[in-house]
Amino acid sequence: MTKWVYSFGAGHNEGRADMRNLLGGKGANLAEMASIDLPVPPGFTITTELCTAYYDNGRKYPGDLDAQVTAALTLVEEAVGLRFGDRDHPLLVSVRSGARVSMPGMMDTVLNLGLNDETVLGLSKASGDPRFAWDSYRRFIQMYGSVVLGVDHHRFEEIIESAKIDAGVTEDTALSPEHWQQVVAEYKEMVHSDLGKPFPQDPGEQLWGAIGAVFGSWMNPRANTYRRLHDIPASWGTAVNVQAMVFGNMGADCATGVCFTRDPSTGEDIFYGEFLVNAQGEDVVAGIRTPQPLSKLRAKPGEVSMEEALPAVYEDLVRVRTTLETHYKDMQDIEFTVQQQKLYMLQTRSGKRTAAASLRIAVEMAESGLIDRKEAVRRVNPASLDQLLHPTLDPKATRKLISKGLPASPGAASGIVVFNSDEAEMRAAKGEPVILVRVETSPEDIHGMHAARGIVTTRGGMTSHAAVVARGMGRPCVSGAGGISVDYGAQTMPCGGQVVRAGDTITLDGATGEVFLGSVAMVEPALSGDFATLMTWADGLRRMKVRTNAETPLDAETARKFGAEGIGLCRTEHMFFDPARIGVVRQMIMAQDERGRRVALAKLLPFQRDDFRDLFRIMAGLPCTIRLLDPPLHEFLPHHEAELADVAAGLGEDLDVIRRRADELKEANPMLGHRGCRLGISYPEIYEMQARAIFEGAIAATEDGGAAPVPEIMIPLIATKRELEITRAQVDKVAAEVFKETGRTIEYSVGTMIELPRAALTADKIAENADFFSFGTNDLTQTAFGLSRDDAGKFLPQYVEQGILPKDPFVSIDIEGVGALVRIAAEKGRATKNGLKMGICGEHGGDPASIAFCEEVGLDYVSCSPYRVPVARLAAAQAALGASGDKTA
Ligand code: ADP
Ligand code: MG
Ligand code: MG
């Protein structure tokens with residue numbers, strides 16, 4: 001015989017908190033609370049297994065269920081001393097659904113079940129309170145009618161409304177027993193005429209009707225949709241809880257309420273909640289009456305707290321609060337009811353909270369010794385830290401929404417609308433806060449994006465250029481705001497029925513994708529306090545180092561502030577886009593021969609040297625991986641005639657010659673074209689200049705007594721051992737030259753990106769010439785899948801939606817495929833050089849799931865954009881702890 005029914009509170013408790021899979025969250029915790037002697041009305045839980053069996057059996061119950069329910073109900077009757085269906089003093093029950101995870105879309109709770117035309121009279125007499133009895137009966141018909149029988153709930157509300165008008169009162173509680181009796185009569189009539197049969201009077205039929213409705217609701221369309229969106233398997237099933245009623249609607253010494261053991265928005269250790277006197281069930285959240293605060297401290301003028309209204313019960317509740325927190329060792333979300341000064345607990349679960357609250361609660365619980373530091377580090381969801389690292393809109397501020405796009409990069413920003421990048425840079429240089437608004441962005445907008453406080457694009461998705469670059473820079477960004485149409489010519493952006501002009505102020509919230517007119521007040525992030533404490537604990541627990549991807553001094557400084565332990569990727573080409581340099585870069589590209597190129601490169605050298613010197617100084621002795629030029633040269637090419645003419649003038653060449661040269665540089669597939677080390681091999685002078693700038697910059701950084709830099713020079717897009725041999729020799733040659741010229745030496749190393757499948761598969765050979773590997777998982781993903789990230793927007797979202805891919809492989813590493821290449825390369829690399837240093841750079845370095853994978857493969861560090869550094873520090877600690885799932889926030 002299978003046990004389908006578990007009792008709680010009825011003399012013995014058959015369940016426990018850790019039986020949530022079988023009993024659902026609500027049932028498991030009711031049993032747990034009863035077992036630690038909290039006042040829980042007795043009841044029983046029908047298991048989730050029964051739900052599964054019911055569906056497997058063509059929606060039929062197993063034969064032995066009836067007897068088990070009857071036996072469990074008898075135990076409840078004995079515990080309470082009342083009988084279900086008794087005419088003189090009936091036992092009433094609630095029927096409540098409860099899956100493993102709380103799930104909207106499931107059946108709502110039915111209260112006061114067991115009432116009918118006879119038992120209502122018994123209840124009235126036994127309680128001596130006809131108002132209460134008839135109020136309970138009308139509530140029951142209303143809930144059962146809408147939840148089980150499917151009558152539109154508005155029909156019931158209409159009847160109450162007209163009853164109140166007839167009686168000349170505004171509050172439900174002001175209706176007399178006679179009024180409620182009248183309402184009940186009208187309810188029954190309405191249900192009868194709607195359904196063509198009378199409202200069920202037999203308590204047994206009512207009970208099975210409600211149980212059936214809970215199991216039936218597991219497969220309703222709302223629940224199915226919710227499960228699909230949240231990856232909840234249909235096989236989990238729901239449980240049903242049947243529980244003796246307690247009554248919060250018996251008068252002024254009764255109440256019902258909900259509370260959190262700590263403030264769920266700030267995490268502050270104060271009791272937080274609301275209650276209503278003389279109310280039942282979810283009246284508190286229904287918004288019909290205004291709930292009052294629990295504690296006196298929280299009461300505003302005119303409010304009466306529970307502490308004042310029901311002081312003795314409040315004391316009991318405060319004790320329960322401590323008991324529950326000590327027992328569960330986590331912040332709890334509690335539902336309770338007070339019947340004639342006696343407190344009853346009806347639910348507890350781990351409470352939902354903001355990122356800030358999650359942090360504070362974890363830290364304070366560890367400091368008070370309730371949990372240990374490891375557990376505190378495990379408790380906070382790394383991804384949620386994102387919310388804390390950027391200024392956010394003040395929740396209290398007023399705002400006027402003009403459009404909603406995608407939440408591409410978190411944070412909030414206000415500024416004046418500017419439609420092009422040069423102007424954005426110019427105005428920002430004058431100290432004006434700028435929001436760059438573009439249809440879409442391209443590599444040429446980098447300086448404008450950098451200068452801007454925030455970016456809005458009207459096209460593009462979450463992996464568009466704007467989104468990726470903005471996240472990297474830590475700039476808030478809303479992409480694909482289709483409600484805005486940009487008119488570059490007129491310098492306007494019509495949206496939401498109005499026209500915003502260049503120079504007007506707007507505000508964007510990159511966490512929600514919203515764009516507002518005017519400026520909205522903000523609150524700055526606090527990196528001290530709990531945040532700093534938890535981060536220190538995390539740092540003590542992790543094995544992998546966390547570095548940052550940074551090119552500019554600002555990014556490097558930000559990253560250090562966030563705890564970066566070096567630079568994992570400095571993309572030197574970003575330094576080429578600077579308006580002061582792009583002209584010289586173009587001269588270098590357009591030069592007809594090596595001599596011409598060298599002339600231009602000589603002009604670039606001092607710029608790069610200063611850049612590197614500044615980065616090294618900021619990083620003060622921490623390792624810095626600098627990648628030599630990677631993208632195809634055409635990315636730097638002039639686009640308009642005017643720019644072409646500029647280059648022609650600068651080089652003293654014919655415009656036609658320049659135009660022809662530009663055409664020659666065009667490639668059919670630049671991603672797989674003349675880029676990376678292939679450039680360094682064709683034009684050794686480019687890598688030579690960069691190497692020289694690095695060494696000279698490193699020496700310059702030490703001149704004022706700064707710590708000796710640790711440059712790690714990284715050659716991109718290596719596919720073969722020979723490529724690395726050649727380019728490495730160039731670098732070593734320049735190093736020797738510079739050291740000889742200056743009479744100084746600097747420790748350095750030369751390594752490579754592993755970003756092509758061939759490199760991964762021949763990593764043992766490549767390792768012979770490499771001092772380190774850095775996994776460039778962006779390109780490795782592109783080349784392993786054979787898909788270009790810039791074109792993936794057309795089909796990748798659909799792939800994820802249809803489940804062809806579990807996640808966007810550019811966001812979270814594809815462990816099965818790309819991950820296999822990483823594993824192979826790591827093993828082969830180590831086989832050649834024991835202890836070969838390895839890290840990961842690229843978007844995945846800031847993704848917690850990918851970081852867990854890096855820990856498993858044994859990488860030495862992860863590198864990510866500055867604003868993701870704290871996320872990575874925490875995720876790396878959790879990875880080291882082997883933490884998985886079990887995150888409450
Ligand atoms: P939900 O899952 O929507 O929170 P619940 O099953 O917790 O639904 O029920 C909602 C509310 O109904 C509870 O918070 C409580 O106020 C009330 N309730 C449920 N069962 C009982 C009961 N046995 N006695 C009194 N009130 C109850
Ligand atoms: Mg509810
Ligand atoms: Mg509840």
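We're numbering straight along the sequence, starting at 1. Note that ligands are numbered from 1 as they come in the structure, with each ligand's atoms numbered from 1 the same way.
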**Request:** In sequence, state the C-alpha distance, the side-chain angles, and the governing distance for Asp172 and Arg139, and then conclude on salt bridge (charged side-chain N to carboxylate O under 4.0 Å, His left out).
**Result:** CA-CA 12 Å; Asp172 290 12; Arg139 284 173 185 270; over 6 Å; no
Considering only heavy atoms of [X], which atoms of ligand 1 have at least one such atom less than 4.0 Å away?
X      : answer
Thr256 : 16 (O)
Arg96  : 5 (P), 6 (O), 7 (O), 9 (O), 19 (C), 20 (N)
Gly281 : 12 (O), 16 (O), 17 (C)

**Request:** Have a look at the Mg ion (ligand 3) and estimate, to 10 degrees, the angle subtended by OE2 (Glu335) and OE1 (Gln347).
**Result:**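 The two atoms subtend 100° at the Mg ion (ligand 3).
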Is ligand 1 under 4.0 Å from a heavy atom in the side chain of [X], in the backbone, in both, or in neither?
X      : result
Glu335 : side chain
Gln280 : neither
Gln347 : side chain
Leu111 : side chain

**Item:** Thr119 versus Asn116, side-chain donor and acceptor atoms under 3.5 Å
**Value:** yes
**Prompt:** If you measure every N/O of Phe336 against every N/O of ligand 1, is any gap under 3.5 Å?
**Reply:**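 No - when backbone and side-chain N and O of Phe336 are compared with those of ligand 1, no distance drops under 3.5 Å.
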**Asked** Mind checking whether Ser97 has an N or O less than 3.5 Å away from an N or O of ligand 1?
**Response**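 Ser97 vs ligand 1: no N/O contact under 3.5 Å.
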**cation_pi(Arg227, Trp218) dist<6.0 Å, angle<=45** =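 Geometry flag: set, cation within 6.0 Å and 45°.
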**Request:** Can you label the angle between the Tyr61 ring and the Trp208 ring as parallel, tilted or perpendicular, going by 30° and 60°?
**Result:** tilted
**Request:** List the steps and the verdict of salt bridge (charged side-chain N to carboxylate O under 4.0 Å, His left out) for Arg321 and Glu325.
**Result:** CA-CA 6 Å; Arg321 170 197 181 209; Glu325 269 211 354; 5.5 Å; no
**Request:** Begin with the C-alpha distance, continue with both residues' side-chain angles, and end with the deciding distance and a verdict on salt bridge (charged side-chain N to carboxylate O under 4.0 Å, His left out) for Glu375 and Lys329.
**Result:** CA-CA 10 Å; Glu375 181 56 26; Lys329 302 186 193 309; over 6 Å; no
**Request:** Keeping to residues at least two apart or across chains, list the salt bridge (charged side-chain N to carboxylate O under 4.0 Å, His left out) pairs with something in residues 182-194.
**Result:** Asp117-Lys188, Arg155-Asp194
**Message:** If we only consider heavy atoms of Ala244, is any one of them less than 4.0 Å away from an atom in ligand 1?
**Reply:**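 Yes, Ala244 has heavy atoms under 4.0 Å from ligand 1.
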**Prompt:** Which one of Leu113, Thr109, Asn241 has a non-hydrogen atom at the shortest distance from atom 5 (P) of ligand 1?
**Reply:**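 Going through Leu113, Thr109, Asn241 one by one, Thr109 has the nearest heavy atom to atom 5 (P) of ligand 1.
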Please tabulate, for the side chains in residues 32-41, all donor-acceptor contacts under 3.5 angstrom to protein atoms that are two or more places apart in sequence or on a different chain.
{"from": "Glu32", "atom 1": "OE1", "to": "Ala17", "atom 2": "N", "distance (Å)": "2.7"}
{"from": "Glu32", "atom 1": "OE2", "to": "His327", "atom 2": "NE2", "distance (Å)": "2.5"}
{"from": "Ser35", "atom 1": "OG", "to": "Glu32", "atom 2": "O", "distance (Å)": "2.7"}

